Amino acid sequence: FNALLKTLEEPPEYVIFILATTEYYKIPLTVVSRCQRFQFNKLTESEIVSRLKYISGEEKINISDEALCEISRIADGAMRDAINLLDQLTSYKNGSIDIDDVYNVCEIVSSKELVSFLSFIKNNDSKSIIEFIENINNKGYNLNKFIEEIIYFLKDCLVFNFNSDNITSSKIDYIKEV
C-alpha cells in the first residue's frame, strides 16, 4: 500500500485507478482518503443461482439446484465468492456435485444436522450437545462458522414463519421440523 500511496498522490493525468474489494476495511485510511468510494449492493441469491446455472451449463458442470442454492447462500451476495466456490467444487469432485459436496468443501454442517442439534437443545440433552460439538470440532470445522450457520438457520425459520416464499426449497422441509 505504501508504493500505491505514492502513485495515488502524484498520478499521471491519463491514469485512472479502480480498486475493487469486498474487504474495504483492510485498506489503510491514507489510501481510502485519496479515493472515491462506491458501495455496491449485494446480489440476491436468485441472481447468483441464475449466473451459476449459466456457468455450469457452459462448462458442462453437473450440479444440483440444491447445491447451487447453498453456494449462493454461502456467498452472501458476492458473485466472486460464489464462482470461486463452484470452481473449488469442480476440482473437488469430477462427477455430479450435490449439496453434501458443498457441505464437505465448506466444512459446514447440513440443515439436517442443524435440526438435530437444535432438537438436542430443545430437549436439554447436554450429553448429545457436547458430543455433537466435539464431533464437528474433531472434523476440523470452525466452531465460529458453526454458530453463524445456526444463526442463519434460525433466521430462515423466523422468515419462513412470516413469508415462506423467501426460503430456498432445500431448507423448507428442515425448517418445518423446527
Side-chain angles (χ1 to χ4, degrees), residues 21-25 39-57 61-90 92-93 95-178:
T21 182
T22 55
E23 299 173 336
Y24 66 90
Y25 53 87
Q39 182 72 35
F40 296 102
N41 296 329
K42 293 180 178 183
L43 296 171
T44 65
E45 287 187 15
S46 61
E47 289 171 325
I48 292 175
V49 168
S50 175
R51 185 66 181 166
L52 292 178
K53 279 184 181 181
Y54 172 78
I55 292 169
S56 299
I61 299 168
N62 187 7
I63 185 166
S64 71
D65 288 344
E66 203 176 27
L68 290 174
C69 288
E70 192 64 10
I71 291 169
S72 175
R73 185 193 64 79
I74 292 167
D76 191 31
M79 184 63 74
R80 178 187 66 188
D81 294 346
I83 293 172
N84 283 342
L85 184 50
L86 179 63
D87 188 40
Q88 287 176 22
L89 284 161
T90 55
Y92 171 76
K93 190 169 184 186
S96 180
I97 299 168
D98 62 20
I99 195 162
D100 290 329
D101 298 320
V102 177
Y103 294 140
N104 289 333
V105 167
C106 295
E107 296 181 341
I108 58 175
V109 297
S110 69
S111 297
K112 181 179 180 180
E113 291 171 305
L114 283 174
V115 169
S116 294
F117 182 75
L118 292 171
S119 71
F120 298 150
I121 292 172
K122 181 180 177 183
N123 297 327
N124 291 322
D125 187 352
S126 302
K127 182 180 179 195
S128 296
I129 292 170
I130 292 169
E131 288 173 357
F132 187 93
I133 291 172
E134 190 173 297
N135 183 36
I136 63 170
N137 190 45
N138 289 340
K139 288 181 180 178
Y141 288 14
N142 182 329
L143 293 179
N144 290 329
K145 182 70 174 163
F146 173 63
I147 292 169
E148 284 178 23
E149 290 299 315
I150 292 171
I151 291 168
Y152 281 123
F153 187 80
L154 291 173
K155 177 204 61 107
D156 285 346
C157 291
L158 288 171
V159 169
F160 178 78
N161 284 329
F162 292 104
N163 184 2
S164 61
D165 296 337
N166 289 337
I167 303 297
T168 58
S169 61
S170 64
K171 293 191 177 225
I172 289 177
D173 292 335
Y174 298 111
I175 290 171
K176 288 179 181 177
E177 291 181 36
V178 177

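The structure displayed is predicted, hence computed values, not measured ones. Only this structure's heavy atoms are used, side chains among them; waters, hydrogens and symmetry mates stay out.
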For this session: Any chance you could measure Met79, atom CE, to Ser72, atom OG, to the nearest 0.5 Å?
Result: 8.0 Å
For this session: With the side chain counted from C-beta on, respond yes when Asn142 and Glu107 share a heavy-atom pair under 4.5 Å apart, and no when they do not.
Result: no
Exercise. Between the main-chain N or O of Asp100 and the side-chain N or O of Asn104, is there a donor-acceptor pair closer than 3.5 Å?
Worked result: yes
Seminar exercise, completed: Looking only at heavy atoms, the pair that brings Glu70 and Tyr103 closest together is OE2-CE2, 3.6 Å
Exercise. Can you tell if the side chain of Arg73 reaches within under 4.5 Å of the side chain of Glu149, non-hydrogen atoms only?
Worked result: yes
Problem set entry | Heavy atoms of other groups near Tyr24 OH, more than 12 under 6.0 Å | no
Seminar exercise, completed: All heavy atoms of Ile129 vs all of Phe120, minimum pair found to be CG1-CB, 3.6 Å
Problem set entry | Side-chain heavy-atom pair Ile133, Leu143 within 4.5 angstrom cut-off | yes
Exercise. Of Tyr141, Phe132, Tyr152, which meets ring pair (Phe, Tyr, Trp, His ring centres under 6.0 Å) against Phe146?
Worked result: Phe132
Problem set entry | Gap between atom CG of Asp76 and atom CD of Glu45 - 0.5 Å precision | 8.5 Å
Problem set entry | Minimum heavy-atom distance between Ile48 and Ala75, given as atom pair plus value | CD1-CB, 4.4 Å
Problem set entry | Residue pair Leu154 / Leu118, side-chain heavy-atom distance below 4.5 Å | yes
For this session: Mind checking the CG-CG spacing from Leu114 to Asp156? Nearest 0.5 Å is all I need.
Result: 10.5 Å
For this session: Give a yes or no on whether the backbone of Asp101 and the side-chain of Asp98 come within a donor-acceptor separation of less than 3.5 Å.
Result: yes
Exercise. Rounded to the nearest 0.5 Å, what separation is found between the OG1 atom of Thr90 and the CD1 atom of Ile55?
Worked result: 10.5 Å
Exercise. Is the side chain of Asn123 donor-acceptor paired with the backbone N or O of Ser119 at a distance under 3.5 Å, no angle test?
Worked result: yes
For this session: Taking all heavy atoms of Cys106 and all of Ile74, pick out the closest pair and write down the distance.
Result: SG-CD1, 3.7 Å
Seminar exercise, completed: Here the gap from Glu148 atom CD to Ile151 atom CD1, rounded to the nearest 0.5 Å, amounts to 7.0 Å
For this session: Please answer whether the main-chain N or O of Ser96 pairs with a side-chain N or O of Lys93 as donor and acceptor at a distance below 3.5 Å.
Result: yes
Exercise. Taking the side chain from Ser56 and the backbone from Leu52, do they hold a donor-acceptor pair closer than 3.5 Å?
Worked result: yes
For this session: Indicate yes or no for a side-chain donor-acceptor contact from Ser50 to the backbone of Glu47 under 3.5 Å, with no hydrogens or angles considered.
Result: no
Exercise. Is it true that Phe117 and Phe153 have ring centroids separated by less than 6.0 Å?
Worked result: no
Exercise. With a 4.5 Å heavy-atom cut-off, do Leu85 and Leu89 have their side chains touching?
Worked result: yes
Problem set entry | Under 3.5 Å donor-acceptor, Asn138 side chain and Glu134 backbone | yes
